[in-house]
Amino acid sequence: MDAVVQHPFARVPIPAPKPQPAPQRKPSREEAEAAVRTLIAWAGDDPTREGLLDTPKRVVKAYEELFAGYGMSASEALERVFEDVQGYDDMVVLRDIPYFSHCEHHMVPFYGKAHVAYYPSNGVVGLSKIARVLDVFAKRLQTQEALTAQIVEAIDDNLKPRGVAVMIEGEHMCMSMRGIHKQGVSTVTTQFTGVFRDDPAEQVRFITLARGGVASPR
Ligand SMILES: Nc1nc2c(ncn2[C@@H]2O[C@H](COP(=O)(O)OP(=O)(O)OP(=O)(O)O)[C@@H](O)[C@H]2O)c(=O)[nH]1
Ligand SMILES: [Zn+2]
């Protein structure tokens, strides 16, 4: 139970302020490599046999790439806005952007395609920047729902568009190669803001375009 401090004039106990967690120290490379050796031994192999000697180094190097998102910033990716778009005011859709991520429950991959749209208000961003935002969040430990919500929030906060729509399709290896062993299941998550949230017709246009169809004009 939390400690309580009884203020002399208070009728109800005032909870003591919660101690803030100390900022986490990033383990050293050597510590990370030692952890990999432990996992190899736990899996049942011998981390000192020749074929596995350099594996901890490789795994740590691979982790730097797979989890590079922790060192990336969505706001930086979305910093540069092009305002001269000659009056273009319809949605911009990037469909079928491939991604690889890792589920935060089992630390095994999930992967698939993301479809992202926004309705520009004060200009547009470079197309690659939307794909970068996806990577900023995909290259972390994730759930598909959080990944979807974080992309929406980043675009919404930084571009203040009239609306953002994100649909992500993913196959989770933790469901296909272990556990329930169901291969080929596609999980679909969507999140909408602004005009996409308020106008079902805009949602339909987005989903039609994301699925490769031709959307009817506004
Ligand atoms: N909602 C959600 N669930 C996920 C995601 N990735 C993995 N999971 C699920 O996370 C759950 C973790 O469940 P637990 O019961 O704690 O773990 P577990 O015993 O390994 O579960 P099983 O996978 O059923 O064997 C599983 O149902 C996974 O399918 C995700 O992105 N979103
Ligand atoms: Zn999982």
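Ligands are counted one by one from 1 in listed order, and the atoms in each one are counted from 1 as well. Computed from a predicted structure; not experimentally measured.
With respect to atom 31 (O) of ligand 1, the closest heavy atom belonging to the protein is Gln144 N, 2.7 Å. Protein heavy atom in closest approach to atom 11 (C) of ligand 1: His105 ND1, 4.2 Å. The protein atom (non-hydrogen) at minimum distance from atom 29 (O) of ligand 1 is Met175 CG, 4.0 Å. Among protein heavy atoms, atom 25 (O) of ligand 1 sits closest to Arg178 NH2, 2.9 Å.
You'll find the ring centres of Phe196 and Tyr119 inside the 6.0 Å limit. In this structure, the ring of His102 has its center less than 6.0 angstrom from the ring center of Phe67.
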Candidate pair Ile130 and Val125, rule side-chain contact (heavy atoms from CB on, under 4.5 Å), full reasoning: CA-CA 8 Å; Ile130 299 290; Val125 281; 3.9 Å; yes
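Contacts of Glu145 with ligand 1, taken as heavy-atom pairs under 4.0 Å, involve the side chain alone.
For atom 15 (O) of ligand 1, the nearest protein heavy atom lies 4.0 Å away or farther. Under the 4.0 Å distance rule, the nearest protein heavy atom to atom 8 (N) of ligand 1 falls inside the cut-off. Closer than 4.0 Å to atom 19 (O) of ligand 1 lies none of the heavy atoms of the protein. For atom 27 (O) of ligand 1, the nearest protein heavy atom is 4.0 Å or more away.
Gln150 and Gln142 form a side-chain donor-acceptor contact under 3.5 Å, judged by distance and modelled atom types alone. No side-chain N or O of Glu104 forms a donor-acceptor pair with one of Thr143 less than 3.5 Å apart.
Numbered from 1 in the order shown, with element, the atoms of ligand 1 that lie under 4.0 Å from a heavy atom of Cys174 read 7 (C). Distances below 4.0 Å separate heavy atoms of Thr143 from the following atoms of ligand 1: 30 (C), 31 (O), 32 (N). Within the listing of ligand 1, atoms 6 (N) sit less than 4.0 angstrom from a heavy atom of Cys103.
For the atom pair CE (Met173) and CD (Gln183), the distance works out to 8.5 Å, reported to the nearest 0.5 Å. Taken from NE2 in His106 to CE in Met175, the straight-line distance is 11.0 Å, to the nearest 0.5 Å.
Between the side chain of Tyr70 and the main chain of Leu141, a donor-acceptor pair closer than 3.5 Å is present. For the pair Ser121 (side chain) and Lys160 (backbone), a donor-acceptor distance under 3.5 Å is present.
An N or O contact shorter than 3.5 Å is missing between Gln142 and ligand 1 by distance. Considering both main-chain and side-chain atoms, His172 comes within under 3.5 Å of ligand 1 through a nitrogen or oxygen pair.
Residue His106 places a heavy atom under 4.0 Å from ligand 1.
Here Cys103 meets the criterion, with an N, O or S atom under 2.8 Å of the Zn ion (ligand 2).
In terms of distance to the Zn ion (ligand 2), the nearest N, O or S atom of His106 is named ND1.
Grouping the Ile, Leu, Val, Met, Phe, Trp and Tyr side chains by contacts below 4.5 angstrom, directly or via other members, places Val108 apart from Leu147.
Checked for salt-bridge contact, Lys182 and Glu171 miss the test: no charged N lies under 4.0 Å from a carboxylate O.
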